[in-house]
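We name chains A, B, ... by the order of the sequence lines, and we start the count at 1 in each one. Any value given below was found using the heavy atoms of this structure, including those in side chains, with hydrogens, waters and symmetry copies removed. A quick note: this is a predicted structure, and the numbers were derived from the prediction, not measured.
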Number of protein chains: 2
Amino acid sequence: MSGAIKNTSDLPLDKILCGECVDVMRSLPTASVDCIFADPPYNLQLRGELRRPDDSVVDGVDDDWDKFSDLETYDRFTREWLSEARRLLHKDGTIWVIGSYHNIFRLGAILQDLGFWILNDIVWRKSNPMPNFRGRRFTNAHETMIWAARSQDSKYRFNYQAMKALNDDVQMRSDWYLPLCTGNERLRNEHGLKLHPTQKPESLLHRVLLASTAENDVILDPFTGTGTTAAMAKRLRRHFVGIERHPDYAKAAAERVEREEALPQDAVATTPMKREAPRVPFGSLVERNFITAGTVVYDRQRRVSATVTPDGTLVSGTQRGSIHKLGALLTNAPSCNGWTFWHFERDDTLVPLDALRSESLAADAEALTLASAEVPIAAQ
Amino acid sequence: MSGAIKNTSDLPLDKILCGECVDVMRSLPTASVDCIFADPPYNLQLRGELRRPDDSVVDGVDDDWDKFSDLETYDRFTREWLSEARRLLHKDGTIWVIGSYHNIFRLGAILQDLGFWILNDIVWRKSNPMPNFRGRRFTNAHETMIWAARSQDSKYRFNYQAMKALNDDVQMRSDWYLPLCTGNERLRNEHGLKLHPTQKPESLLHRVLLASTAENDVILDPFTGTGTTAAMAKRLRRHFVGIERHPDYAKAAAERVEREEALPQDAVATTPMKREAPRVPFGSLVERNFITAGTVVYDRQRRVSATVTPDGTLVSGTQRGSIHKLGALLTNAPSCNGWTFWHFERDDTLVPLDALRSESLAADAEALTLASAEVPIAAQ
DNA sequence: CTTTATACTGAATCTGCTT
DNA sequence: TAAGCAGATTCAGTATAAA
C-alpha cells in the first residue's frame with residue numbers, strides 16, 4: 001500500500017508455516033503484512049462437550065464458574081493472537097475475523113479493546129445452511145465477519161468501484177449471500193469424507209481479497225486450515241503467509257496452493273478507483289485544446305454560467321476561481337466537484353467537463369498503446 | 001410460561017414508567033417478566049457532519065443519551081442494566097437486545113459474562129438502508145439482535161410452527177429482511193420531523209413477540225423510546241412494562257399505545273411472507289467460478305469481444321463496464337441485456353451467459369436439497 | 001385522474017494530499 | 001500539525017408538485 005512503511009523483505013512469502021499460531025507470529029517482523037484473514041476456533045459448545053482453543057476437552061462440569069473460566073481461557077487466547085496480529089499489520093492494514101454467535105462477540109470486543117477500528121460487520125448469509133432439526137431455534141443461516149483497520153487513523157484500502165461492479169453497479173452491502181463450500185471444492189480424505197470441518201468457500205475469500213487488498217499485497221492467515229485464503233491469494237496474484245498447527249492440514253493446504261493457478265496479470269485488474277486515476281488539472285485540458293479559452297460553461301439547469309480562461313480558472317462576473325471553487329461559490333455550497341457540476345455545449349446538448357477528462361485519459365492510453373506496440377522493434 | 005414461578009402480581013402492567021432505566025428496574029420484583037426487548041444506546045461516536053453527494057446534511061444521531069466518554073463507561077452502563085434485566089426475568093425467560101457493530105460486541109460479551117445463554121443472533125437486513133455516501137466502506141445494511149435465554153437450562157419459549165408458517169412453511173432463518181420505519185408509521189412532531197431518531201419498525205417487534213412470547217405474557221422494554229414494543233405487545237394481546245427516561249418520549253409512547261387496538265383473540269397472526277426472488281449479479285458467477293476471469297466473451301455473431309475480469313466487469317480495449325453497459329457501448333445501443341448478448345465458448349459452441357445464471361440457481365437448489373438430506377448424518 | 005419530475009430522508013463511527 | 005483545497009460520493013422509498 002502506498003506510503004506506508006512495510007517490512008516484507010524478511011517474511012517467508014507464499015508458504016504455509018506449520019506451528020502454533022502465536023509462536024509463529026512472534027517470529028515474524030513488525031508491520032510486515034497488508035491484510036489478515038483469521039478464522040479462529042469457535043469455542044463451540046456442542047453435545048455437552050466443551051473444547052478449549054487447543055482442542056483439549058474440558059471436563060463436563062456444568063456450573064457457572066466453569067463456564068466463566070472457559071470464556072476467560074478463550075479470551076486470553078484471543079487477546080494473545082490478536083495482539084500479535086496488530087503488531088504484524090502495518091499502520092494502514094486491515095484485518096478480517098470470522099465467527100458465529102459463540103465467539104464473535106468475544107472477538108469483536110477484544111478487537112475494540114486492543115485499538116482496532118471496526119469498519120464493517122459483514123454477514124455471510126448461507127444459501128444452503130444446515131437446518132435446525134430440533135425446531136428449538138431459528139435456522140442458524142449466517143456467520144459474521146468483522147472488518148477492522150489497525151487504528152482509527154489508518155488509511156485503509158477499500159476497492160469501492162470493484163465491489164460496486166461486482167454487485168451490478170449498486171454499492172456492495174454488508175450482507176453477502178454465498179453458498180457453503182461443497183462438491184469438488186471441498187477437500188476430502190481417502191475415504192471421501194471432508195478433510196476439515198469448517199472449510200470456507202472460495203467465493204467468500206475472493207470477495208474479501210478483492211475488496212481490501214491490491215495486487216502483490218501480503219495477506220496473513222494465522223489459522224490456515226485447508227488454505228482457502230492462500231489459494232485465493234495465489235489466484236488473484238497476491239502473496240500470502242499461512243500458519244497452521246496441524247501437520248495434515250498444513251500439508252493439504254500446501255498441496256492445494258500448488259495446484260492453484262494464478263490468473264494472468266491482465267485478468268486480475270479490476271475496476272480502478274477514481275482516486276487512483278492520474279490526476280488531470282483542468283488547466284491542462286485548456287492547454288491541450290480539449291476545451292477553448294472563452295467557452296461558456298453552465299450547471300446542468302443553466303442557472304449559473306462562467307467563462308473558461310487560458311489558465312484554467314473560471315470567471316463569472318467579478319468572481320474567479322478553480323472549477324471547484326467557483327461552483328461552490330455560486331451555489332453557496334461548502335464544496336463542489338467542478339468536473340461534474342460544469343457543462344459545455346456540444347451538438348446542442350450539455351456535456352459535463354468530466355467527459356473531457358475521460359477523453360484526454362483515453363487519448364493518453366491510446367498513445368501509450370501505440371508507443372508500446374512499437375517497443376519490441378525499438379528494443380530489439 | 002408453563003411451570004415457572006412468576007411474580008407478575010406486583011408489576012405495574014401496561015404502563016410506560018418515566019425514569020432512569022436502572023433505577024426503575026430496581027423497583028420491580030424479581031423473576032416477574034417473561035421476555036425483555038432492549039434497544040439501548042449504540043454509542044455511535046459520530047464526529048463531524050456528514051453530507052450526501054447532493055450536499056444535503058444527514059440528520060444523524062447526535063443526542064446526549066448516545067454519548068459515552070469511553071468504552072469502559074459504556075461497558076459499566078451495559079453491565080448494570082443487563083444485571084437488573086437478568087434479575088427481572090424468570091428462569092425460563094428470554095431477552096432480545098439490538099445493536100450495530102458499534103456496541104453489539106460489547107452487549108454480546110457481557111450477556112455471556114453474566115450467564116445468559118445465547119440462542120441465536122438475528123440479522124435484520126434493511127431493504128432500504130442509508131447508502132455509504134463517501135464510498136469508503138460497505139453499505140451498513142443491517143443491525144444485529146441477540147436472542148438469549150436467562151441461563152443454559154432455561155425451558156424457553158420458541159413458537160417454531162408460527163415462525164415456519166410465517167415463512168411459507170420453511171424454517172425461519174436467522175436473517176430477516178424488513179424495511180425501515182418510514183411513512184405514516186413514523187411518529188412526527190408538530191413540524192413534521194421525526195420525533196425519535198431510531199424508531200424501530202413494527203414488523204420487527206411483531207416477529208420478535210410472535211416468535212418468543214405467548215398470549216398474556218409480560219414483556220419489559222427498558223428503553224421504550226416511542227413505544228414500538230409496547231404497541232405491538234398490545235396489538236398481539238401481550239402485556240408490557242415500558243421504561244423511558246425522556247418525558248416527551250414517554251408521553252408519545254403512552255399516547256401511541258392508547259391509539260393501538262388489540263387484535264381479536266381468535267386472530268392468529270400468520271401473515272404469509274413473500275420469499276425473495278434471488279437476483280444473481282454477474283460478478284457472483286465469477287467469484288463462484290462458474291466462469292473464470294480472463295475468459296473471452298463474444299456477441300452471437302462474434303462481431304465484438306471482451307474479457308471477463310475478477311470483479312465481473314468486461315474489458316474491451318480501453319473500455320470497461322458491466323456486461324450490460326459494455327454491450328450497449330460496443331453496439332452503440334442505448335441499452336443491452338448482457339445476459340443474452342454475451343456468449344462464451346463451451347464445446348466449440350457459443351453459450352449465452354444466461355445459461356450460467358440458470359446453472360448457478362440450479363446448483364443452489366441442489367445444494368439445498370443435499371444439505372437437508374445430509375442432516376441426519378451430520379447430526380450423529 | 002394519471003403520469004412524470006423533483007425533493008426529501010434514513011442508528012453513519014464516511015477523504016486525502018500538499019503546504 | 002493544522003490549514004487549504006482538489007475532488008469523489010447515494011439507494012430505496014415516500015411525499016409533493018407539475019404536467
How would you label the contact of [X] with the nucleic acid (heavy atoms, under 4.0 Å): base, sugar-phosphate, or nothing?
X: B/Ser100; result: nothing
X: B/Asp39; result: base
X: B/Gly99; result: nothing
X: B/Pro179; result: nothing
X: B/Val58; result: base
X: B/Arg51; result: nothing
X: B/Glu185; result: nothing
X: B/Glu143; result: base
X: A/Ile118; result: base
X: B/Trp65; result: base

| Cationic tip of B/Arg136 above A/Tyr160 ring, under 6.0 Å, 45° of axis | no

| Regarding A/Arg302 and the six-membered ring of A/Tyr298, is the cationic atom NZ or CZ under 6.0 Å from the ring centre and inside 45° of its axis? | yes

Using atom [atom1] in both nucleotides, what's the gap between [N] and [M] to the nearest angstrom?
N: C/dA7; M: D/dT10; atom1: C1'; result: 15 Å
N: D/dG7; M: C/dC14; atom1: C1'; result: 15 Å
N: D/dT9; M: C/dC17; atom1: P; result: 14 Å
N: D/dA17; M: C/dC1; atom1: C1'; result: 15 Å

For [N], the Watson-Crick or wobble partner whose two distances fall under 3.5 Å:
N: C/dT3; result: D/dA18
N: D/dA3; result: C/dT18
N: D/dC11; result: C/dG10

Hey, could you give me the [atom1]/[atom2] distance between [X] and [Y], rounded to the nearest 0.5 Å?
X: B/Leu180; Y: B/Thr198; atom1: CG; atom2: OG1; answer: 11.5 Å
X: A/Ile291; Y: A/Leu285; atom1: CD1; atom2: CG; answer: 8.0 Å
X: A/Ile122; Y: A/Trp176; atom1: CD1; atom2: CH2; answer: 5.0 Å
X: A/Met163; Y: A/Met273; atom1: CE; atom2: CE; answer: 11.0 Å

| If you pin A/Val280 and B/Ser127 to their nearest nucleotides in DNA chain D, which one's is more 5'? | A/Val280

| task | Return yes if some donor-acceptor pair links the side-chain N/O of A/Arg150 with the main-chain N/O of A/Thr94 below 3.5 Å, else return no. | result | no

Under 4.0 Å from OP1 or OP2 of [N]: is there any side-chain N or O of [X] that close?
X: A/Tyr160; N: D/dT10; result: yes
X: A/Gln161; N: D/dT9; result: yes
X: B/Arg47; N: C/dC14; result: yes
X: B/Arg136; N: D/dT9; result: no
X: B/Asn43; N: C/dT13; result: no
X: A/Arg357; N: D/dA8; result: yes
X: A/Lys274; N: D/dG7; result: no

| task | Could you pick out which residue, B/Gly135 or B/Pro129, lies toward the 5' side of DNA chain C when each is mapped onto its nearest nucleotide? | result | B/Pro129

| task | For A/Gln112 and for A/Arg300, locate the closest nucleotide of DNA chain C by heavy-atom distance; then report the residue assigned to the nucleotide nearer the 5' terminus. | result | A/Arg300

Rounded to whole Å, how long is the line connecting atom [atom1] of [X] with atom [atom2] of [N]?
X: A/Asp121; N: C/dA11; atom1: CG; atom2: P; result: 16 Å
X: B/Asn184; N: D/dG13; atom1: CG; atom2: P; result: 17 Å
X: B/Arg188; N: D/dA15; atom1: CZ; atom2: P; result: 8 Å
X: A/Asp169; N: D/dT10; atom1: CG; atom2: C1'; result: 13 Å
X: B/Leu50; N: D/dA8; atom1: CG; atom2: P; result: 18 Å
X: A/Asn120; N: C/dA11; atom1: CG; atom2: C1'; result: 14 Å
X: B/Asp66; N: C/dT13; atom1: CG; atom2: P; result: 12 Å
X: A/Phe158; N: D/dA8; atom1: CZ; atom2: C1'; result: 14 Å

Between [options], which nucleotide has the shortest distance from any of its atoms to the side chain of [X]?
X: A/Thr340; options: D/dC11, D/dT9, C/dA11; value: D/dT9
X: B/Asn128; options: C/dA12, C/dA11, D/dA12; value: D/dA12
X: A/Arg275; options: C/dG16, C/dT13, D/dG7; value: C/dG16
X: B/Arg134; options: C/dC14, C/dT13, D/dC11; value: C/dC14

| Does B/Lys200 make a side-chain donor-acceptor contact with the base of C/dA11, cut-off 3.5 Å? | yes

| query | Per the atom types in the model, does the base of C/dT13 pair as donor or acceptor with the side chain of B/Arg137 at under 3.5 Å? | reply | yes

Is the distance between the ring centroids of [X] and [Y] under 6.0 Å?
X: A/Trp124; Y: A/Tyr177; value: no
X: A/Phe158; Y: A/Trp147; value: yes
X: A/Trp342; Y: A/Phe282; value: no

| Does anything in residues 313-337 of chain A reach DNA chain D, meaning a heavy atom under 4.0 Å, and if so which residues? | A/Ser322, A/His324, A/Lys325, A/Ser335, A/Cys336, A/Asn337

| query | Side chains of A/Leu111 and A/Ile95: closer than 4.5 Å at any heavy-atom pair? | reply | yes

| message | For the base of C/dC14 and the side-chain ring of B/Phe133, does the geometry meet a stacking cutoff of under 5.5 Å between centres and under 30° between planes? | response | no

| said: By the rule that syn is within 90° of 0, classify the base conformation of C/dT13 as syn or anti. | reply: syn

